[in-house]
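This report concerns only the one structure given below.
Every value quoted in this text rests on a predicted model; they were computed, and no experiment measured them. When reading the values below, keep in mind they use all heavy atoms of this one structure, side chains included, and skip hydrogens, waters and symmetry mates.
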Amino acid sequence: MDGPAQPLPRPTPISGIALRACAEADLPFLRRVHADARAAEMALVTDWTEAQRRDFLRFQFDAQHRHYLEHDPGADFDLILAHGRPVGRLYVCDLGEEVRLMDIALLAVERNRGLGTALMRMLMDRAAARGQPLSLHVEDENPAKRLYLRLGFREGGRVSFYRRMDWHPPAGAAGRALS
C-alpha cells in the first residue's frame, strides 16, 4: 500500500470502472468491504454482541491484510471505483507462470449487477494475453463459486478451507484479448 498521497485511478475496459492502488487512507473502506463480504456468516453467530462482531471482523481483516502484504508484496492491491466512487477491492498477483486472483470483493449493494463478471473477464483477458492460466481459491459455500464455474474455471484440490480453481486460456490465445 502506498503512503499518504492518493494514487491516480487507472481506467479499465469496463465502462465507468477504474482501479486505483489502495492507500493507507483506504483502510476504513477496505474493512467495510471485508465486513460486508462476511455479513452472512456473521449473522449465524447469534451469541456475540455487535461490538464483538465488529472487533472480530477488524481483527480478521487486519490479519489478512498483513498476510497479503508480507507474502505478496509485488501484488496489485486495488480499489474498484465505479464512476469515481469506491465499490470494492481487487487483489491480483502475477506469479510468472500464472495470474493469481488473490481476492475480489464488492459491497453488497454492488453485487449481482454484472460488475464481478466483467472484472473476471478482464482478468481472463489479461491471463490469455500472456498465455497463462488464471487461478484463485474460493470457499465451497461462496456464491461466487457458481460464477467461476460458469466462466469456465475448473475445480482443483483443497487448500485448508479453500478450493483451488483454474481457468486456462484457449490454445493460441496468447497475445490477443478474448471477447
Side-chain angles (χ1 to χ4, degrees), residues 1-42 50-127 129-130 132 134-139 142-144 147-148 159-162 165 177:
M1 287 209 168
D2 295 326
Q6 194 172 45
L8 295 174
R10 300 180 316 277
T12 71
I14 307 164
S15 179
I17 303 300
L19 299 176
R20 177 177 60 73
C22 295
E24 290 295 321
D26 297 317
L27 286 173
F29 174 77
L30 293 169
R31 285 187 185 99
R32 180 175 153 218
V33 170
H34 177 78
D36 214 30
R38 297 291 183 202
E41 86 185 73
M42 292 309 299
E50 193 57 39
Q52 287 172 312
R53 282 188 191 95
R54 185 182 57 249
D55 290 347
F56 173 78
L57 288 168
R58 182 183 177 105
F59 169 80
Q60 190 180 51
F61 169 83
D62 289 348
Q64 180 189 63
H65 182 70
R66 279 190 309 275
H67 176 84
Y68 282 153
L69 292 177
E70 180 180 328
H71 294 281
D72 299 295
D76 295 326
F77 298 98
D78 291 322
L79 283 187
I80 302 165
L81 305 172
H83 304 285
R85 157 181 80 75
V87 297
R89 68 182 186 181
L90 180 67
Y91 297 170
V92 180
C93 189
D94 181 355
L95 298 176
E97 69 284 350
E98 68 183 65
V99 176
R100 169 77 48 87
L101 172 60
M102 296 165 45
D103 194 17
I104 183 171
L106 297 168
L107 293 173
V109 298
E110 303 296 334
R111 293 183 207 142
N112 300 312
R113 296 179 176 185
L115 179 54
T117 300
L119 289 164
M120 289 304 298
R121 288 191 188 282
M122 179 186 80
L123 293 175
M124 292 162 70
D125 285 350
R126 174 176 163 181
R130 297 173 182 195
Q132 297 176 337
L134 174 61
S135 68
L136 58 88
H137 291 86
V138 65
E139 294 172 324
N142 187 328
L147 167 65
Y148 305 143
V159 178
S160 183
F161 297 104
Y162 301 96
M165 298 187 79

Margin query: To the nearest 0.5 Å, what is the distance between CG on Leu101 and CE on Met165?
Written below: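 CE of Met165 is found 11.5 Å from CG of Leu101.
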Check: So how far is it from Leu57 CG to Arg32 CZ, rounded to the nearest 0.5 Å?
Finding: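 Rounded to the nearest 0.5 Å, the CG-CZ separation comes out at 14.0 Å.
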Is there side-chain contact between [X] and [Y], with at least one heavy-atom pair below 4.5 Å?
X      : Y      : result
Gln132 : Leu95  : no
Leu136 : Ile104 : no
Val87  : Leu81  : no

Next item on the list: Compare every heavy atom of Tyr68 with every heavy atom of Met102, then report the nearest pair and how far apart it is.
Entry: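 Heavy-atom minimum between the residues: O-OH, 3.4 Å.
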Item checked: Closest non-hydrogen atom pair, Leu79 against Cys22 ->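 Smallest heavy-atom distance, with atoms named: N-SG, 3.7 Å.
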Next item on the list: With sequence neighbours excluded, give me every side-chain hydrogen bond (donor to acceptor under 3.5 Å, both in side chains) pair touching residues 72-83.
Entry: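 Sorted pair list: Arg10-Asp78.
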Item checked: All pairs passing side-chain hydrogen bond (donor to acceptor under 3.5 Å, both in side chains) where residues 96-106 contributes a residue, at least two apart ->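 For residues 96-106: Arg89-Asp103, Glu98-Arg100, Glu98-Ser135, Glu98-Arg164, Arg100-Ser135.
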Note to self: Tell me every residue that passes side chain to side chain contact (heavy atoms under 4.5 Å, CB included) with Ala108, counting only those two or more places apart in sequence or in another chain.
What the structure shows: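 Side chain to side chain contact (heavy atoms under 4.5 Å, CB included) list for Ala108, sorted by chain: Asp36, Arg111.
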[X]: salt bridge (charged side-chain N to carboxylate O under 4.0 Å, His left out) partners, not counting sequence neighbours:
X     : answer
Arg85 : Glu110
Glu50 : Arg53
Asp62 : Arg31, Arg58
Glu41 : Arg38

Next item on the list: Not counting sequence neighbours, which residues clear ring-ring contact (aromatic ring centres under 6.0 Å, His included) with Tyr162? List them please.
Entry: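 Checked Tyr162 against ring-ring contact (aromatic ring centres under 6.0 Å, His included); zero matches.
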Next item on the list: Over 60° means perpendicular and under 30° means parallel, so classify the ring planes of Phe61 and His65, tilted if in between.
Entry: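 Parallel: the ring planes of His65 and Phe61 meet at under 30°.
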Next item on the list: If the plane angle is over 60° it's perpendicular, under 30° parallel, otherwise tilted; pick one for Tyr91 and Phe77.
Entry: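 Correct class here is perpendicular.
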According to side chain to side chain donor-acceptor pair (under 3.5 Å), who are the partners of [X], at least two apart in sequence or on a separate chain?
X     : result
Thr12 : none
His34 : Gln60
Arg20 : Asp26

Between side-chain atoms of residues 112-120 and protein atoms elsewhere (two or more places apart, or another chain), which donor-acceptor pairs fall under 3.5 Å?
{"residue": "Arg113", "atom": "NE", "partner": "Val109", "partner atom": "O", "Å": "3.2"}
{"residue": "Arg113", "atom": "NH2", "partner": "Val109", "partner atom": "O", "Å": "3.0"}

Margin query: Could you walk me through whether Ile14 and Arg121 satisfy the side chain to side chain contact (heavy atoms under 4.5 Å, CB included) test, starting with their C-alpha distance in whole Å, then the side-chain angles of each, then the deciding distance to 0.1 Å, before giving a yes or no?
Written below: CA-CA 10 Å; Ile14 307 164; Arg121 288 191 188 282; over 6 Å; no
Next item on the list: Please test Arg126 against Leu134 for side chain to side chain contact (heavy atoms under 4.5 Å, CB included), starting from the C-alpha separation and ending with a verdict.
Entry: CA-CA 9 Å; Arg126 174 176 163 181; Leu134 174 61; over 6 Å; no
